[in-house]
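Computed from a predicted structure; not experimentally measured.
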2 protein chains.
Amino acid sequence: MNTALDCIPCLVRSALDASRLFTDDPAVHERIVREVLQTTADMDLSIRPPLMAQRIHRRLRELTGNGDPYGPAKVRFNALAAELLPALEAELDAAADPFNMAVRLAIAGNIIDLGPNLHLSEAHIRESLEQALATPLDGDSDAFRREIDAAREILYLADNAGEIYFDRPLLKRLPEGRVTVAVRGLPVLNDATLKDAREAGLHELARLMDNGSDAPGTVIEDCHDAFRAAFESADLLIAKGQGNFETLIGCGRPVWYLFKAKCAVVAREVGKPLNTHLLMREPQG
Amino acid sequence: MNTALDCIPCLVRSALDASRLFTDDPAVHERIVREVLQTTADMDLSIRPPLMAQRIHRRLRELTGNGDPYGPAKVRFNALAAELLPALEAELDAAADPFNMAVRLAIAGNIIDLGPNLHLSEAHIRESLEQALATPLDGDSDAFRREIDAAREILYLADNAGEIYFDRPLLKRLPEGRVTVAVRGLPVLNDATLKDAREAGLHELARLMDNGSDAPGTVIEDCHDAFRAAFESADLLIAKGQGNFETLIGCGRPVWYLFKAKCAVVAREVGKPLNTHLLMREPQG
């Protein structure tokens, strides 16, 4: 999807917030804000919003030498998710439709995202998960299940650390031996990397790979060959999170998007109210 | 006060929101956003934030030929305030300390500000006024009253349409014949002009003048001579609203600021929690 004018103040705001996490040096904060203003002033609005975020985060790493300021938050979110998961799994196993609930939980986990909200609290995560499981899903989980049953090769594009724990119940219900989980190639925001995925035990449930890219989404032309090959050969793709939606929507591949519409621009794009939990199929030809 | 880095995404956001009120033409929306990005990229941060807002609004008037898109909202807010005032005045007359309550009401009225929130609802205004009157004031209203009693010439710098109705009870309690109320010289945002002040009957309570400027604050060097003379000769100034605070703080004149701290930058500047209702004296030599 294109970058909307409304994305621009949000990108400037996020760049400033992120810069404060990267360093205490006010000169760097000012420099990054001025650079983002300069760049966005002439920006081609047909680029997908996560590409600008990727650029900002690369520049912050370059200016500060800090490779992963979100590391401690990721460890914290993984630990919180590990603590919360067993009770939710028990609830899920006892549910009338465990598959549908696994899908809802996977989407609910998408609340663990420091992109739109750097000051996300644990209390907010706990509350949101509870709410999400009580909220009906916007999407056809039966059609999703039918495509899963027919697929020979499934590529699961994970999103954030912490969130990936809540992908486990859904991954367990996908056909054994046919699933690869892909994560980011380098740390960016609190997006999951191989280290996080292993910590969450995803290697016990699927093959793992990274995509070689540091974009907070899936920018195919930025990914390494092995990932591109997996992306092309999969006959079903499951894309978690808003960043993957923003970068992939319109790609024409058989993608199911599972995410929470966390900003007004994305909500407008999908024609749903803000905060809708979506299970959405990439439009077909 | 200086422009903070945090003001910048907010200025871009406000410019975009305002552009949509000025015109439906998306080319103008994009143009104003790009111009604001370009300008703020090189901006001197020692300028006061309302100066950038003034510049944006001038440019929007120039690009669209629309002189006052806030006019209808101002009429609506004036009408709402006129409807709400009598009951509040009765409450105030029966209060233990009507002067203190008049000060609180004048500050509470400052909620009627489309600067930080273009989508302000009438329900929100009603609720905020109720709350404000129940909330203690942050400031020394006795010291304020002593300075008023000793003053020979008081200049009252009004802020917004609607809000000015809630200045009436305080104006009534200022020494008769010694008060001039000044409003903006041209429409900008929903700031009050002479027309609004007359509609609110302020001419029955004080002399009225405009300041000759279209800044959403008081930028002395931008005001006409008559206002400057009044500003210099007054031995007490009462400045309503955040815009007047942002532009005048540090001026060294005997100003009392009455406003609600509506943004995090101003709250930090005064060292108070967000949304504090402030009665604050300009620091003395």
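Side-chain contact between Ile8(B) and Arg34(A) is absent, with no heavy atoms from C-beta onward closer than 4.5 Å.
More than 12 heavy atoms of other residues, nucleotides or ligands sit less than 6.0 Å from atom CZ of Arg61(B). Shown here is Asp44(B), whose CG atom has more than 12 heavy atoms of other residues, nucleotides or ligands within 6.0 Å.
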Q: List the steps and the verdict of side-chain contact (heavy atoms from CB on, under 4.5 Å) for Gln38(A) and Leu37(B).
A: CA-CA 7 Å; Gln38(A) 197 70 62; Leu37(B) 294 167; over 6 Å; no
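At a 4.5 Å heavy-atom cutoff, the contact between Leu5(B) and chain A is made by backbone and side-chain atoms alike.
The pair Arg13(A)-Asp6(B) meets the salt-bridge criterion, since a charged nitrogen lies less than 4.0 angstrom from a carboxylate oxygen.
Ranked by heavy-atom pairs under 4.5 Å with chain B, the first of Glu35(A), His29(A), Arg20(A) is Arg20(A).
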